[in-house]
Undergrad: 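Below is the structure I would like to discuss, written out as structure tokens.
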There are 2 protein chains.
Amino acid sequence: MRAEARPRDRAATRRRLLDAARALFAEHGYERVTVRMIASAADANVALVGRYFGSKAGLFGEVLRGEPTLQVILEGDREGLPRRLAEFAALRMHADPKSRILRALAHSADDPEIKELVRERLRTAFIAPLAEFLGDDPDAMAKARAAAALLTGISNVRRALGPEPPTPGDVDRLTAMFTVCLDISGQGP
Amino acid sequence: MRAEARPRDRAATRRRLLDAARALFAEHGYERVTVRMIASAADANVALVGRYFGSKAGLFGEVLRGEPTLQVILEGDREGLPRRLAEFAALRMHADPKSRILRALAHSADDPEIKELVRERLRTAFIAPLAEFLGDDPDAMAKARAAAALLTGISNVRRALGPEPPTPGDVDRLTAMFTVCLDISGQGP
DNA sequence: TCGGGAAGTATACGCTCGTTTACTAGCCGT
DNA sequence: ACGGCTAGTAAACGAGCGTATACTTCCCGA
């Protein structure tokens with residue numbers, strides 16, 4: 001199949017590889033994805049991964065760098081934050097392809113280079129913004145860490161046990177957990 | 001070195017392999033551990049893994065089967081459970097070699113056979129006992145799942161960001177999170 | 001004592017991985 | 001129109017993986 005050839009376009013091919021890598025890394029994590037899988041999904045040649053991104057790790061790094069942060073969830077009132085986090089964790093994190101990168105964070109390699117990329121990403125995209133949102137609370141970092149633990153843990157369990165759709169009760173429970181985690185007293189409806 | 005030979009003892013060798021596998025799987029997860037690493041750590045020959053356990057997956061399954069459940073933590077009063085869980089998550093889970101297997105659960109393969117082993121283990125060793133402890137609450141399963149999510153997530157974050165020793169405040173925060181998660185009203189000192 | 005079975009060993013097989021190299025083919029300015 | 005930069009390709013490399021096989025070494029009971 002694929003009878004007709006594609007025009008030769010470095011930028012477009014690079015983007016196709018990046019998109020394919022983003023989807024696959026989010027779905028399976030770093031180690032379970034091969035450069036051949038990425039190239040195949042992008043309908044490109046394997047060698048181009050090396051050519052355009054240096055290496056598989058370089059490509060992974062660029063994927064991480066391009067992923068959105070938690071900024072969207074943080075925009076809004078303080079009282080509603082726990083529920084926004086809970087809804088993100090229960091509903092959006094797995095459905096929205098732009099948010100699934102957190103799954104990859106949860107089960108990636110202990111290859112030092114990759115580990116450093118993941119660490120940096122988890123800090124700058126999640127914990128640091130959340131801590132900043134919490135203000136000058138001296139425990140802000142610890143609270144953000146605990147929230148990150150809950151968020152990634154939800155991803156783990158859903159992955160291991162099956163992605164059954166969460167009930168409203170589940171979202172309420174997660175909301176309560178985020179509330180006490182972040183020490184936010186106000187409670188939504 | 002190792003100048004003198006060991007007596008030939010099938011049972012002992014098997015046990016050494018099992019112990020080495022348990023430690024390594026707990027430390028690195030299923031995929032990052034090779035049968036050669038296990039054999040080397042056990043000071044045994046690679047082929048014996050296949051001989052005694054059938055395959056790497058078979059060995060992994062036997063490791064999981066031999067791991068203790070949460071039973072020890074569940075023994076005790078209902079009000080103290082959240083704190084026992086929090087202390088386990090913050091302190092014992094990473095220090096006690098007998099408990100570290102939960103780390104492996106968090107970042108293991110999506111090879112179907114391994115995935116099923118992990119799923120089964122997570123259910124029978126953690127979620128099911130915890131749900132049973134909670135009584136005939138119709139939400140018991142959902143609560144246990146959320147608790148499992150928090151527990152494995154803590155492992156993730158500690159692994160990714162570094163295992164800095166948790167502060168008493170961290171344990172208090174986790175206690176509060178487990179409390180609202182399991183909907184246990186009583187609060188310890 | 002000595003032969004057979006079992007414990008343990010060395011090694012090779014087939015495969016997949018990330019990466020690299022040598023090559024082909026298309027476009028564009030002159 | 002054509003030569004040269006460049007996107008894209010095919011294939012191979014070396015390493016590491018799980019596994020299987022043929023072999024050696026040891027012990028113990030007849």
Side-chain angles (χ1 to χ4, degrees), chain A residues 1-21 24-25 28-63 104 107-115 117, chain B residues 1-21 24-25 28-63 104 107-115 117:
Chain A
M1 321 318 171
R2 245 199 93 251
E4 51 205 279
R6 216 187 348 257
R8 311 201 327 175
D9 186 334
R10 177 186 176 101
T13 302
R14 211 187 110 99
R15 200 178 325 113
R16 286 207 317 281
L17 283 169
L18 204 54
D19 289 343
L24 288 168
F25 283 143
H28 304 292
Y30 180 75
E31 300 203 295
R32 294 282 303 177
V33 172
T34 71
V35 291
R36 285 173 176 82
M37 288 168 62
I38 296 169
S40 171
D43 203 7
N45 191 280
V46 203
L48 297 181
V49 170
R51 174 112 67 208
Y52 293 155
F53 303 96
S55 66
K56 182 190 178 186
L59 173 53
F60 184 66
E62 186 146 337
V63 165
H107 53 98
S108 283
D110 45 11
D111 170 358
E113 180 179 0
I114 301 303
K115 192 168 178 177
L117 284 174
Chain B
M1 315 323 171
R2 242 197 97 253
E4 49 206 280
R6 217 191 342 262
R8 312 202 329 175
D9 185 332
R10 177 187 176 97
T13 302
R14 212 187 109 100
R15 200 177 325 112
R16 286 207 318 281
L17 282 169
L18 203 55
D19 289 344
L24 287 167
F25 283 143
H28 303 293
Y30 180 75
E31 300 202 296
R32 295 283 304 179
V33 172
T34 72
V35 291
R36 285 171 177 83
M37 289 167 62
I38 297 169
S40 171
D43 202 6
N45 191 278
V46 203
L48 297 180
V49 170
R51 174 116 63 211
Y52 293 153
F53 304 97
S55 67
K56 181 189 177 186
L59 173 53
F60 185 66
E62 186 147 337
V63 165
H107 53 98
S108 283
D110 45 12
D111 170 358
E113 179 180 0
I114 301 304
K115 192 170 178 176
L117 284 174

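Reminder, nothing fancy here: chain letters follow the sequence lines and each chain counts from 1. Note that these values count all heavy atoms, side chains included, but never hydrogens, waters or copies made by symmetry.
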Undergrad: Looking at D/dA7, I'd like to know if its phosphate oxygens (OP1 or OP2) sit under 4.0 Å from a side-chain N or O belonging to A/Arg10.
TA: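 Yes, because at least one side-chain N or O of A/Arg10 sits under 4.0 Å from OP1 or OP2 of D/dA7.
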Undergrad: Looking only at the side chain of B/Ala47 (C-beta and beyond, no hydrogens), which of the listed nucleotides D/dC17, C/dT19, C/dT9 gets closest?
TA: C/dT9
Undergrad: Does A/Thr13 put a side-chain nitrogen or oxygen below 4.0 Å from OP1 or OP2 of D/dG8?
TA: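 So the side-chain polar atoms of A/Thr13 do come within 4.0 Å of the phosphate oxygens OP1 or OP2 of D/dG8, strictly under.
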Undergrad: Write down the distance between NZ (B/Lys56) and C1' (D/dT19), rounded to a whole number of angstrom.
TA: 12 Å
Undergrad: Would you say the side chain of B/Arg8 and the base of D/dC27 hold a donor-acceptor pair, judged only by whether the two atoms sit under 3.5 Å apart?
TA: no
Undergrad: Figure out the CZ/P separation between A/Phe25 and C/dG18, and round it to whole Å.
TA: 9 Å
Undergrad: Applying salt bridge (Lys or Arg N to Asp or Glu O under 4.0 Å), name anything that partners A/Arg14, two or more places apart in sequence or on another chain.
TA: A/Glu62
Undergrad: Whole Å only: how far is the CZ atom of A/Arg51 from the C1' atom of D/dC5?
TA: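 It works out to 12 Å between those atoms.
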Undergrad: Grab the CG-P distance between B/Asp43 and C/dA7 for me, whole Å please.
TA: 18 Å
Undergrad: Please determine, for the side chain of B/Val35, which listed nucleotide (D/dT19, C/dG18, D/dA7) has the closest atom?
TA: D/dT19
Undergrad: Can a side chain N or O of B/Thr34 be found less than 4.0 Å away from OP1 or OP2 on D/dG16?
TA: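 Looking at the OP1 and OP2 atoms of D/dG16, neither is under 4.0 Å from any side-chain N or O of B/Thr34.
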Undergrad: In terms of side-chain heavy atoms of A/Asn45, which of D/dT19, D/dT9, D/dA7 is nearest?
TA: D/dT9
Undergrad: Applying a 4.0 Å non-hydrogen cut-off, can you work out what A/Val46 is touching in the nucleic acid: base, sugar-phosphate, or nothing?
TA: base
Undergrad: Counting only side-chain heavy atoms from C-beta out, which of C/dT19, C/dT21, D/dT6 sits nearest to A/Arg36?
TA: C/dT19
Undergrad: Just how far, in rounded Å, is P of D/dT19 from CZ of B/Phe60?
TA: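 Answer to the nearest Å: 14 Å.
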Undergrad: Can you tell me the distance, in whole Å, between the CD atom of B/Glu31 and the C1' atom of D/dG16?
TA: 14 Å
Undergrad: For residues 44-53 of chain A, which side-chain N or O atoms pair as donor and acceptor with protein atoms under 3.5 Å away, sequence neighbours left out?
TA:
unit_1, atom_1, unit_2, atom_2, d
A/Asn45, OD1, A/Ala47, N, 2.9

Undergrad: Are any of the side-chain heavy atoms of A/Arg32 and B/Glu31 separated by less than 4.5 Å?
TA: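 Touching, per the 4.5 Å side-chain cut-off.
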Undergrad: Taking C-beta and beyond as the side chain, do A/Phe60 and A/Glu113 meet within less than 4.5 Å on heavy atoms?
TA: no
Undergrad: Taking all non-hydrogen atoms of both residues into account, name the closest pair between B/Ala39 and B/Leu17 and its distance.
TA: CA-CD2, 4.0 Å
Undergrad: Base, sugar-phosphate alone, or nothing: which one does A/Phe53 contact when heavy atoms must sit under 4.0 Å apart?
TA: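 No contact at all - A/Phe53 keeps every heavy atom at 4.0 Å or more from the nucleic acid.
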Undergrad: In whole Å, what is the span from the CG atom of A/Asp9 to the P atom of C/dC28?
TA: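 Atom CG in A/Asp9 sits about 11 Å away from atom P in C/dC28.
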Undergrad: D/dA7 phosphate, OP1 or OP2: any side-chain N/O from A/Tyr52 under 4.0 angstrom?
TA: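 No.
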Undergrad: Measure from CG on A/Leu48 to C1' on C/dG18 and round the result to the nearest Å.
TA: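 Distance check: A/Leu48 CG to C/dG18 C1' gives 14 Å.
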